[in-house]
Amino acid sequence: MTGTGERKLDDIFTALADPGRRGMVDRLSIGPATVKELAEPAGMGLPSALKHLRVLEKGGIVVSTKAGRTRTYRIDPAAFGAINAWVRQRETAMNAAFDRLVLAIAENPEGEDEA
């Protein structure tokens, strides 16, 4: 991933870097919640919670809807698709490296130097 994809991942990982925001994501994983419902368990005031939620929104991790004076947040699964794709790419590269190591060991089982 380069360019825009890297910036999106940067925003996602930045949003998830804070334990308070990860707690909000944990709460949202069971269903949508209002700002108040997200702030109270974390011991945050509403202004602090809103700041954290804006970071999560910028990272594309949550989306919000407003009905009257109540803003409700929910997880946007697309962000986790981007994270999973990034992890799979690294996993594929590591598996290929291990496969090469296994092959090298099989070709030289006693660790004899080739001279």
Side-chain angles (χ1 to χ4, degrees):
M1 250 183 235
T2 59
T4 303
E6 283 181 11
R7 284 193 298 277
K8 181 177 178 168
L9 275 173
D10 288 349
D11 289 343
I12 291 169
F13 286 127
T14 296
L16 293 173
D18 182 86
R21 290 192 290 266
R22 287 194 306 274
M24 290 177 166
V25 171
D26 287 343
R27 166 54 187 87
L28 291 170
S29 69
I30 61 172
T34 64
V35 177
K36 184 177 180 182
E37 292 169 333
L38 294 166
E40 284 180 351
M44 288 183 199
L46 294 180
S48 293
L50 281 168
K51 286 180 184 177
H52 284 292
L53 288 162
R54 278 195 282 276
V55 174
L56 289 169
E57 246 180 332
K58 180 182 179 212
I61 295 169
V62 301
V63 293
S64 67
T65 54
K66 189 170 182 180
R69 296 180 63 190
T70 304
R71 184 167 293 278
T72 302
Y73 288 83
R74 66 177 176 78
I75 288 180
D76 184 354
F80 294 96
I83 293 169
N84 287 334
W86 184 83
V87 169
R88 276 192 305 276
Q89 289 171 348
R90 265 92 223 134
E91 185 178 37
T92 299
M94 283 186 357
N95 286 339
F98 283 124
D99 290 345
R100 288 190 304 272
L101 176 61
V102 168
L103 183 60
I105 291 170
E107 289 174 354
N108 193 8
E110 298 192 24
E112 297 171 4
D113 289 333
E114 295 179 19

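Index from 1, following the sequence.
Rounding to the nearest 0.5 Å places CZ of F98 at 10.5 Å from CD1 of I105. Distance check: S29 OG to M24 CE gives 13.5 Å after rounding to the nearest 0.5 Å. Rounded to the nearest 0.5 angstrom, E37 CD and T70 OG1 are separated by 9.5 Å. Rounded to the nearest 0.5 angstrom, N84 CG and E91 CD are separated by 10.5 Å. For the atom pair CG of N95 and CZ of R90, the computed distance is 13.0 Å after rounding to the nearest 0.5 Å. The CG atom of L50 sits 9.5 Å away from the OG atom of S64 when rounded to the nearest 0.5 Å.
In terms of hydrophobic clustering, with Ile, Leu, Val, Met, Phe, Trp and Tyr side chains grouped at heavy-atom distances under 4.5 Å, V25 and V87 are assigned to a common cluster. Cluster annotation: V63 is not connected to L28 through the hydrophobic network of ILVMFWY side chains, with a link wherever side-chain heavy atoms come within less than 4.5 Å. L53 is not connected to V55 by any chain of hydrophobic side-chain contacts under 4.5 Å among Ile, Leu, Val, Met, Phe, Trp and Tyr, and they are in different clusters. Following chains of ILVMFWY side-chain contacts shorter than 4.5 Å, one can reach I12 starting from W86, so the two form part of one hydrophobic cluster. Residues L38 and I30 do not share a hydrophobic cluster, defined by chaining ILVMFWY side chains whose heavy atoms lie under 4.5 Å apart.
With hydrogens and angles ignored, the 3.5 Å screen pairs a side-chain donor or acceptor of T14 with a backbone N or O of D10. Side-chain N or O atoms of R27 include none that pairs as donor or acceptor with a backbone N or O of G23 at under 3.5 Å. A distance-only check finds no donor-acceptor pair linking the side chain of R21 to the backbone of L16 [under 3.5 Å]. Side-chain atoms of E107 do not come within 3.5 Å of backbone N or O of A104 as any donor-acceptor pair.
Using a 4.5 Å cut-off on side-chain heavy atoms (C-beta onward), T34 and R71 make no contact.
A pairwise comparison of heavy atoms in A49 and M44 identifies CA-SD, 3.8 Å as the closest pair. Nearest heavy-atom pair, A15 versus G59, reported as atom, atom and distance to 0.1 Å: CB-CA, 4.5 Å. Closest approach of G45 and A39 over heavy atoms only: O-CB, 4.2 Å.
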What verdict does the side chain to side chain contact (heavy atoms under 4.5 Å, CB included) test give for Y73 and L56, after you've listed the backbone C-alpha separation in whole Å, the side-chain angles of each residue and the deciding distance to 0.1 Å? CA-CA 10 Å; Y73 288 83; L56 289 169; over 6 Å; no

